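Here is the structure we will look at.
This structure is a prediction, so every number in the text was calculated from the model and none was measured. Here is the naming used below: chain letters follow the sequence lines, and residue numbers restart at 1 for every chain.
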Amino acid sequence: MTGRWRAFLRLFAVQGAWNYERMLGVGMGYAAEPMLEDLKSADPGRHAEAVVRSAEFFNCHPYLAGLALGAMVRAEYDGVPGPQILRLRTALSSPLGALGDQIFWAGVLPSLLGAALVLVAFGHGLWAIGLFLALYNLCRLVTAVWGIQAGAASGMQVGSRITGSWLAGTAERIGSAAGFLVGLAVPMIIAWFLGGSDTRFIAAVLGVAGVTLGLTRRYGTVLTSLRLGLAALLLALLFFRGLA
Amino acid sequence: MHGLSLSTLATLLGWGTLVGMDLVSVPQMMIARPLVAGSVAGLILGDPEAGLRVGVLMELFALDVLAVGAVRYPDYGPATVAAVLAAVGQRWQVALGPAVAVALLTAAAGGWSMRFIRHANARSIQARSAALSAGESTAIRTLQYLGLARDLARSVLLTTLGLLLARLASPLVGPRLWPMALAAIAVGLAAVLDGALRSAGQGKRLYWLAAGLTAGTLWVLIR
């Protein structure tokens, strides 16, 4: 197995040692190790410096980490001065984080989950889950393979490679799809839960949901859905047990 | 949940652990999503309906969370696995409320546990700063494996906590608890809408969200 493929596999655990000090840094250093092996025999001094740099502070979306990894390793082999590589590392953090968050966390993931929930509402629960996992991981794997190859091919020019790539356009388009699919799924899945229920029951659910939504929109930093959920469950337990 | 074999409980614990590690550490292939975690837990326990119902409802809560950067967020995966145990073998309409309570408590504990191991990982880095500065690859490998081991331990403990809570909650489930299901569904609905509105902001996505909600509502009304 080549160093690049070993690095690719290690990227699946790039957040394995996530921490508040170096964030993804240790995971990146761990993934970089097999790709830097050839440098050890060619230039041991440079190799040691490259290993130090590889585990410095770094943060970006985990699925796009390969893009940065490939670029930084290529820069090490090209003999680019260390401070320039560290600047590249810093410069890549924010854009790769923002793009990855938009594409995956706020795009592909809610889109496919929305679609899966629609399928659940149609009675295809297990198919929905299988399809969700297959499609999501296909997107993720294709991105990861492309990322490490594009990064390694671009080196210090990785910025222009990102600008001219599919990433920016996808972020906008997938956001609209996510909005639509989650919107479509919500009434369908609520109907899946409440189908055949008494009208008063449905009205009560919608009423409580409306009040809760108002509270989370207004005081969301304190009144999270988790806290409100616990409070609502406790109130329901106490109030209705009292009545019973 | 009476009559559960030790092997079934061990399988459930193993599944919860995998799910817990998937959230952040490895491999992030989305088995940590409640929809997946709950459904598989339901299959393990021989009650796919309970797994799916709990999984879908907890997914509504999880869709409220945008797991970006260094924020602390609830760990809904192992929490959902545990919640399915609380709901299994009972009518979902009465079991859903206590099951969601188990899930929310476990998820909150999961959020705190992640913060704890992130600080522990940072302390390990500080302890090996000299080796890292010398470019020792073994130090990086050690830190990585320690981080993974910590998350493994965290996931085992979190799933165990959840299963214990489920064990406590399960005997309490009864017909009088249907209002808790109402509350759980209502807050789940509010959570997913809150998350969708926050992600949509004021841009084009908001219109697409409105279009989706309209289409979904029309489908519900005319079917």
Got [X] and [Y] here, is their nearest side-chain heavy-atom distance under 4.5 Å?
X: A:M28; Y: B:I140; value: no
X: B:M29; Y: A:F12; value: no
X: B:H119; Y: A:N19; value: no

Residue [X] versus chain B: region with a heavy atom under 4.5 Å:
X: A:R217; answer: both
X: A:S197; answer: neither
X: A:E172; answer: side chain
X: A:V26; answer: both
X: A:L141; answer: neither
X: A:L36; answer: neither

With respect to chain A, which residue among [options] yields the maximal number of heavy-atom pairs within a distance under 4.5 Å?
options: B:D151, B:L35, B:V192, B:L143; answer: B:L35
options: B:A183, B:A196, B:G188, B:P27; answer: B:P27
options: B:G147, B:P179, B:S124, B:P48; answer: B:P179
options: B:V187, B:L60, B:L182; answer: B:L182
options: B:S39, B:A139, B:G212, B:G97; answer: B:G212
options: B:V65, B:L96, B:L57, B:I31; answer: B:L57

So how far is it from [X] [atom1] to [Y] [atom2], rounded to the nearest 0.5 Å?
X: A:R10; Y: B:R141; atom1: CZ; atom2: CZ; answer: 7.0 Å
X: B:Q144; Y: A:W18; atom1: CD; atom2: CH2; answer: 14.0 Å
X: A:Q15; Y: B:S25; atom1: CD; atom2: OG; answer: 8.0 Å
X: B:L213; Y: A:M188; atom1: CG; atom2: CE; answer: 12.0 Å
X: A:S225; Y: B:L189; atom1: OG; atom2: CG; answer: 11.5 Å
X: A:Y30; Y: B:Y145; atom1: OH; atom2: OH; answer: 3.0 Å

Evaluation steps, side chain to side chain contact (heavy atoms under 4.5 Å, CB included), between A:W192 and B:V56
CA-CA 10 Å; A:W192 179 70; B:V56 167; 3.8 Å; yes
In terms of heavy-atom proximity below 4.5 Å to chain A, should [X] be classed as side chain, backbone, both, or neither?
X: B:V220; value: side chain
X: B:L43; value: side chain
X: B:L193; value: both
X: B:V100; value: both
X: B:E59; value: side chain
X: B:S133; value: backbone

Report the relative orientation of the aromatic rings in A:F180 and B:W208; use parallel for angles under 30°, tilted for 30 to 60°, perpendicular for over 60°.
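A:F180 and B:W208: perpendicular rings.
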Just say parallel, tilted or perpendicular for the rings of A:F201 and B:W178, cut-offs at 30° and 60°.
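Judged by the thresholds at 30° and 60°, the geometry between A:F201 and B:W178 is tilted.
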State, to 0.1 Å, how close [X] and [Y] come at their nearest heavy-atom pair, and which atoms those are.
X: B:A134; Y: A:V52; answer: C-CG2, 4.1 Å
X: B:W92; Y: A:F193; answer: CH2-O, 3.0 Å
X: B:R33; Y: A:L109; answer: NH1-CD2, 3.5 Å
X: A:L226; Y: B:A107; answer: CD1-CB, 4.1 Å
X: A:A209; Y: B:A186; answer: CB-O, 3.4 Å
X: A:Y63; Y: B:Q28; answer: OH-O, 2.8 Å

Any chance you could lay out the side chain to side chain contact (heavy atoms under 4.5 Å, CB included) test for A:L117 and B:L63, step after step, and finish with the verdict?
CA-CA 12 Å; A:L117 290 175; B:L63 277 166; 4.1 Å; yes
Taking B:R118 for its side chain and A:Y20 for its backbone only, find out whether a donor-acceptor pair lies under 3.5 Å.
no
Is a donor on one side and an acceptor on the other found under 3.5 Å between the side chain of B:D194 and the backbone of A:L213?
no
Sequence neighbours excluded and cut-off under 3.5 Å, please list the side-chain donor-acceptor pairs for residues 228-235 of chain A, or say none.
none

Would you mind telling me which of [options] has the largest number of heavy-atom pairs within less than 4.5 Å of chain B?
options: A:G29, A:A177, A:G175, A:A178; answer: A:G175
options: A:G214, A:S176, A:G100; answer: A:S176
options: A:A48, A:A191, A:G97, A:A50; answer: A:A191

Around atom CZ of B:R223, are there more than 12 heavy atoms from other residues, nucleotides or ligands closer than 6.0 Å?
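Result for CZ/B:R223: enclosed.
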Give a yes or no on this: more than 12 heavy atoms of other residues, nucleotides or ligands lie within 6.0 Å of atom CZ of B:F116.
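Atom CZ in B:F116 is not crowded, with 12 or fewer foreign heavy atoms closer than 6.0 Å.
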Neighbours of chain B found in residues 125-135 of chain A - heavy atoms under 4.5 Å:
A:G125, A:L126, A:I129, A:F132, A:L133
